[in-house]
Amino acid sequence: MDAIELTRTLIGYDTVSPKSNVAVMDYLTNVLESIDCEVERVEYKDPAGTLKVNLIGRKGGNSGQRGLALLGHIDTVPAIGWEENPFEARIVDGKLYGRGSCDMKGSVACMIEVTSRYSSSQFDAPLYVVITADEEVGYFGATAVVKKSEMFQRHGFPQYGVVGEPTELKAVYAHKGAVRFTVTAYGRAAHSSTDKGDNANLKMIPFLSEMRDIHQELTTDTKYYNFEFTPPYTDWNITISDGECTANITAPKSVCNINYRPMPGDNPEAWIDRAREAAEKYGLAFDLFINAGPVRTEPDAEIIRAALEITGDSEPHTVSYSTDAAEFSKYMETVIIGPGSILQAHTVNEWMAIDQFGKGVDIFGQFVDRFCL
């Protein structure tokens, strides 16, 4: 199994999060079975009713041994404004271009190549390859796996997990969480020169004022800081939309989206409740649709110490984004480490350096050697 060629194939599947991923998961089911993995498909329907599939491949291991999981996702963010076809892989000047090349089809392909290099008889503890859906929009796939997997219910969760997000192969022990909610004001459209309208934006303004106050508290009051992170404060990012209502119409609907990234040690429910209470006070609709907590594995945990020995790095790192570890770290000791750079993730003309594939395979292989053989 060759990680670069497999990545090129995976890029050819349009797996933008809202779309069904059944076709690519059918393909990967065959790939995992061809390298002697026992495969479980964990299916669910996303909030829009679209069928999604997660895959768990298990290889080798003795009864009672918990082993290692290599954890990745197959969905991508949308591809808008690309100069070339985002779903056709291209290699130019030592870079593999295509949506998902970096985040994170390339890493998934490295995991599969590593798994293909071993025979089942070599393993004392099992090796798992877990490929999820919907990481980019709320970790719905990871949630389905931990709740519904018969394989993990039967064997138990592996003791250790490697989440292969792009970290330039540096070990990450902690990241911020992801909380997203929508607040909606409803009005009535009419010609603005009449008294027949009901402007939803006016209903939203006092709520926005309170959200600004929360933003100021979280970003300026040092009692909420965590200096393990850069920046040391959480974001409380506010976006608003009235559907680009023209200036001579009273806006019938106004929507505020807030993205909040709690850090380890925070009390996210307190801030969520404060926002919910403000919405209710002004008669607005409140919808919390992502509530994933932060992740922190102790820096002296065995998986982190192993990652430092494998990479030769002197200390582990933190990142400000979130990953499927928000779910998996509840059941296994996790480290986030993978090929590619987060600076290329989600960008127009996304790419991963060709040399990262070989390095990624080597690093993942050393985890397997340490925890499975």
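For clarity, every value in this text was computed on a predicted model and none was experimentally measured. Scope of the values below: all heavy atoms of this structure, side chains included, with no hydrogens, waters or symmetry mates.
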Spacing of [atom1] belonging to [X] relative to [atom2] belonging to [Y], to within rounding of 0.5 Å:
| X | Y | atom1 | atom2 | answer |
| --- | --- | --- | --- | --- |
| Ile11 | Ser101 | CD1 | OG | 5.0 Å |
| Leu68 | Phe123 | CG | CZ | 9.0 Å |
| Phe181 | Cys256 | CZ | SG | 7.0 Å |
| Leu127 | Leu70 | CG | CG | 5.0 Å |
| Asn291 | Glu269 | CG | CD | 5.0 Å |
| Ile131 | Leu28 | CD1 | CG | 5.0 Å |

Between [X] (side chain) and [Y] (backbone), is there a donor-acceptor pair under 3.5 Å?
| X | Y | value |
| --- | --- | --- |
| Gln356 | Gly340 | yes |
| Glu333 | Ala301 | no |
| Ser17 | Glu135 | no |
| Asn21 | Val53 | yes |
| Arg99 | Thr347 | yes |
| Glu327 | Ala142 | no |
| Lys148 | Glu43 | yes |
| Asn54 | Val42 | yes |
| Thr297 | Thr334 | yes |
| Lys59 | Thr115 | yes |

Can [Y] be reached from [X] by stepping across I, L, V, M, F, W or Y side chains whose heavy atoms are under 4.5 Å apart?
| X | Y | result |
| --- | --- | --- |
| Ile336 | Ile310 | no |
| Val163 | Leu169 | no |
| Phe357 | Met111 | no |
| Val179 | Ile240 | yes |
| Trp351 | Val108 | no |

For the student: nearest non-hydrogen atoms of [X] and [Y], plus distance:
| X | Y | answer |
| --- | --- | --- |
| Gly60 | Arg58 | O-NH1, 3.6 Å |
| Gly161 | Ile303 | O-CG1, 4.3 Å |
| Tyr321 | Pro166 | OH-O, 3.3 Å |
| Val183 | Met204 | O-CE, 3.4 Å |
| Gly98 | Trp82 | C-CH2, 3.5 Å |
| Ala247 | Ser192 | O-OG, 4.0 Å |

Side chains of [Y] and [X]: any donor to acceptor distance under 3.5 Å?
| X | Y | result |
| --- | --- | --- |
| Asp103 | Gln344 | no |
| Tyr139 | Ser322 | yes |
| Ser254 | Asn201 | yes |
| Tyr118 | Asp369 | yes |

Within a strict 4.5 Å, meaning less than it, do heavy atoms of the [X] and [Y] side chains meet?
| X | Y | result |
| --- | --- | --- |
| Tyr173 | Arg296 | yes |
| Pro126 | Pro158 | no |
| Arg188 | Thr250 | no |
| Phe229 | Met263 | yes |
| Tyr27 | Leu6 | yes |
| His317 | Thr167 | no |
| Val172 | Ile337 | no |
| Pro47 | Phe289 | no |

Could you go through the side-chain contact (heavy atoms from CB on, under 4.5 Å) check for Asp287 and Thr184 one step at a time?
CA-CA 8 Å; Asp287 179 28; Thr184 307; over 6 Å; no
Exactly one of Met1, Glu113, Gln366 should register a side chain to side chain contact (heavy atoms under 4.5 Å, CB included) with Val361. Which one does?
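Testing each of Met1, Glu113, Gln366 against Val361, the sole residue satisfying side chain to side chain contact (heavy atoms under 4.5 Å, CB included) is Glu113.
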Would you mind telling me which of Leu218, Thr234, Ile258 makes a side chain to side chain contact (heavy atoms under 4.5 Å, CB included) with Trp271?
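Result: among Leu218, Thr234, Ile258, Leu218 is the only option passing the side chain to side chain contact (heavy atoms under 4.5 Å, CB included) with Trp271.
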Do NZ/NE/NH1/NH2 and the carboxylate oxygens of [X] and [Y] come within less than 4.0 Å?
| X | Y | answer |
| --- | --- | --- |
| Arg41 | Asp26 | yes |
| Lys359 | Asp362 | no |
| Glu38 | Arg154 | yes |
| Asp266 | Lys176 | no |

Let's go through Thr182 and Asn257 carefully: what are the C-alpha distance in whole Å and the side-chain angles of both, what is the deciding distance for side-chain hydrogen bond (donor to acceptor under 3.5 Å, both in side chains) to 0.1 Å, and is it a yes or a no? CA-CA 5 Å; Thr182 296; Asn257 285 288; 2.7 Å; yes
Practice problem: Start with the C-alpha distance between Ile91 and Ile4, add both sets of side-chain angles, then the distance that settles side-chain contact (heavy atoms from CB on, under 4.5 Å), and finish with yes or no. | Solution: CA-CA 10 Å; Ile91 297 178; Ile4 294 175; 4.2 Å; yes
Worksheet item: Is the Phe371-Tyr160 ring centre distance short of 6.0 angstrom?
Response: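 So the answer is yes for these two rings.
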Problem - Ring-ring centroid check Tyr224 Trp236, cutoff 6.0 Å - result: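 Centroid distance Tyr224-Trp236: not below 6.0 Å, so no.
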- I would like to know whether Arg261 and Asn237 meet side-chain contact (heavy atoms from CB on, under 4.5 Å); could you show each step before the answer? CA-CA 9 Å; Arg261 297 184 186 274; Asn237 192 53; over 6 Å; no
Residue of the set Tyr128, Phe328, Tyr331 for which ring-ring contact (aromatic ring centres under 6.0 Å, His included) holds with Phe152: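 Of the listed options, the one satisfying the test is Tyr128.
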message: Please determine whether side-chain contact (heavy atoms from CB on, under 4.5 Å) holds for the pair Lys105 and Thr15, giving the CA-CA distance in whole Å, both sets of side-chain angles, and the decisive distance to 0.1 Å.
response: CA-CA 10 Å; Lys105 292 178 177 179; Thr15 57; 2.9 Å; yes
Practice task
Decide side-chain hydrogen bond (donor to acceptor under 3.5 Å, both in side chains) for His175 and Thr323; before the verdict, give the C-alpha distance in whole Å, the side-chain angles of both, and the deciding distance to 0.1 Å.
Solution key: CA-CA 8 Å; His175 66 59; Thr323 77; 3.0 Å; yes
| Looking at residues at least two apart in the chain, or sitting in another chain, which of them share a side chain to side chain donor-acceptor pair (under 3.5 Å) with Lys281? |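 Lys281 satisfies side chain to side chain donor-acceptor pair (under 3.5 Å) with Glu210 only.
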